[in-house]
Amino acid sequence: LMRIPVPNFLPHFVRCYSIFERILRLVCPRFCMRWLSLEAVLSVGRIFITLFGYICVCIATGLISTTLFMYFNTVLPLVVNPHSLPGVICFTTASWISFNLVFNYIMVVRTPPGRPVATLTEEELALMENEAAPARGQGWSRFCKRCHVPKPVRTHHCHICNHCVLKMDHHCPWINQCVGHYNHRYFFLFLFWLWTATIYGCSTIGLHYYGFIHSGIFTRRETRAATTTITFTFVVCAALFVAMTLFLSWNVYLILSNQTTIEFHFNRTQAWYARRSGEAFINMFDVGWARNLRQVFGPYKFWWQIFLPSTDKLPYDGSKFLTLREPDEPI
């Protein structure tokens, strides 16, 4: 549910619509200049996508809130005795998982992914702006002609947010912004705790469901109503578990190999070219899983500290990264 990258169709749309706009200018120049210009169409599109993002955030918030309310208010008191030791353990564990789930979703929505800052003089900016862009599939441009700022390594321009994003992974409508350098860890931790919540919900319901049905302490009507609620919660948790297992596995692979979604597709193309030339492709940013984790989650002493809630800002500015050529240079 949460990991639906927006297809990068906007550059192709811009090129096609530019040709269409030139034809319209020849037929009806005044109408085209006012209502059908590329800037007007893109502005309307950004407004629509922004509104759609707010709707997605409201839907995600409603689903999370409704499911947690049903679990704590109806499901958990029915499947375990809240006054017993197992009930206290179940309630405490569920509360800790829910807190981390909500905390990381709030942080990934509220934390900007990061934007590059222009630190060059006007003369240096003019020289970078006049540099020839690399051929398609051969690299990335070092200057953004839309934002008029230098693009650090791994920085890309988001046509939906309409600005450059540091270490851009993808634009996610469910958080209404991009996943980038500063909020990538919150995005991953939200997926992790959502995956953990689905496992815990399915486990507690599955283990106690049979005993609840055959306990005989509820009437047939009460049992039927409670069974409907428990079944609905179980189905939601099971469906999310399948989706989150796929998305979480994909994100674990990207983080451990130090790739973003954009870089994965680019590296796959480069690996194909390398195989055709009889060479081996190497990801220069993959400096080992331990260093790769620190670039996303920041410095830590023990591995379990990664999963703890934290509001500390990453000590790296997102403009420089370790590479295999300079593995010991501080970032």
Side-chain angles (χ1 to χ4, degrees), residues 1-21 35-63 104-118 133 136-137 139-188 190-191 243 247 250-251 254-255 259-269 296 318-319:
L1 177 64
M2 294 301 303
R3 183 65 160 76
I4 305 178
V6 176
N8 192 20
F9 64 88
L10 282 178
H12 305 286
F13 170 77
V14 170
R15 285 192 291 267
C16 295
Y17 193 85
S18 298
I19 299 174
F20 177 68
E21 183 184 5
W35 301 106
L36 296 178
S37 64
L38 178 60
E39 292 77 11
V41 173
L42 290 179
S43 298
V44 173
R46 291 191 186 100
I47 294 174
F48 172 78
I49 294 176
T50 302
L51 293 176
F52 177 73
Y54 284 117
I55 294 174
C56 289
V57 171
C58 292
I59 293 175
T61 304
L63 286 175
N104 284 286
Y105 184 69
I106 293 175
M107 292 302 296
V108 74
V109 172
R110 292 179 54 87
T111 304
R115 302 172 61 174
V117 180
R136 184 176 179 83
W140 311 100
S141 175
R142 296 198 308 153
F143 186 85
C144 180
K145 295 184 178 180
R146 294 182 177 272
C147 300
H148 300 286
V149 294
K151 290 171 58 178
V153 62
R154 312 182 79 175
T155 298
H156 303 281
H157 184 88
C158 177
H159 293 273
I160 299 176
C161 298
N162 198 27
H163 61 75
C164 290
V165 177
L166 295 173
K167 196 186 176 185
M168 177 180 174
D169 187 87
H170 71 284
H171 184 94
C172 180
W174 299 104
I175 63 174
N176 199 26
Q177 64 174 345
C178 286
V179 177
H181 175 65
Y182 287 110
N183 62 356
H184 193 181
R185 57 171 174 169
Y186 296 122
F187 180 79
F188 174 82
F190 171 73
L191 294 181
F247 292 152
W250 169 249
N251 277 268
L254 290 179
I255 291 178
Q259 299 181 89
T260 63
T261 302
I262 297 175
E263 292 170 352
F264 170 80
H265 294 289
F266 177 79
N267 292 341
R268 187 173 60 174
T269 303
V296 176
S319 62

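As the structure is a prediction and not an experimental result, all values here were calculated from the model. Below, each value reflects all heavy atoms present in this structure, side chains not excepted, and no hydrogens, waters or symmetry copies.
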Considering non-hydrogen atoms only, spot the tightest contact between V165 and C158 and give its length.
CG2-CB, 4.2 Å
If you take all heavy atoms of P152 and P116, which pair is closest and at what distance?
CD-CB, 3.6 Å
Rounded to the nearest 0.5 Å, what's the gap from NZ on K167 to SG on C178? Could you check?
14.5 Å
Say you draw a straight line from SG of C147 to CZ of R115; how long is it, rounded to the nearest 0.5 Å?
6.5 Å
With a 4.5 Å limit on heavy-atom distance, are the side chains of N251 and H184 in contact?
yes
Tell me the closest heavy-atom pair linking K151 and F143, and the distance in Å.
CD-C, 3.8 Å
Heavy-atom distance under 4.5 Å between the side chains of H171 and H159, does that happen here?
no
Any donor-acceptor pair under 3.5 Å from N183 side chain to T111 backbone:
yes
For a side-chain contact (heavy atoms from CB on, under 4.5 Å) check, start with the C-alpha distance between V296 and H181, then their side-chain angles and the critical distance, and finish with the verdict.
CA-CA 7 Å; V296 176; H181 175 65; over 6 Å; no
For the side chain of Q177 and the backbone of V108, is there at least one donor-acceptor N/O pair under 3.5 Å apart?
yes
Between the CE atom in M168 and the CD1 atom in I262, the distance rounded to the nearest 0.5 Å is 4.5 Å
First locate atom CG of N267, then atom CD of Q259, and finally report the distance between them rounded to the nearest 0.5 Å.
5.0 Å
Do the side chain of D169 and the main chain of T261 share a donor and acceptor less than 3.5 angstrom apart?
yes
Using the side-chain contact (heavy atoms from CB on, under 4.5 Å) criterion, which residues pair with C58? Sequence neighbours excluded.
none
In terms of heavy-atom contacts, V153 and S319 come closest through CG1-O, 3.6 Å
Would a 4.5 Å heavy-atom cut-off, applied to side chains only, mark F188 and I255 as touching?
yes
Find the distance between NE2 (H163) and CZ (R146) and round it off to the nearest 0.5 Å.
13.5 Å
For residues Y105 and I175, determine if any side-chain heavy atom of one lies less than 4.5 Å from a side-chain heavy atom of the other.
yes
Interatomic spacing from OG1 in T269 to CZ in F264 - rounded to 0.5 Å:
9.5 Å
Can you confirm whether or not the ring centre of H170 sits under 6.0 Å from the ring centre of F187?
yes
Looking at residues at least two apart in the chain, or sitting in another chain, which of them share a side chain to side chain donor-acceptor pair (under 3.5 Å) with N176?
none
Would you please indicate if the ring centroids of W174 and F190 are separated by under 6.0 Å?
no
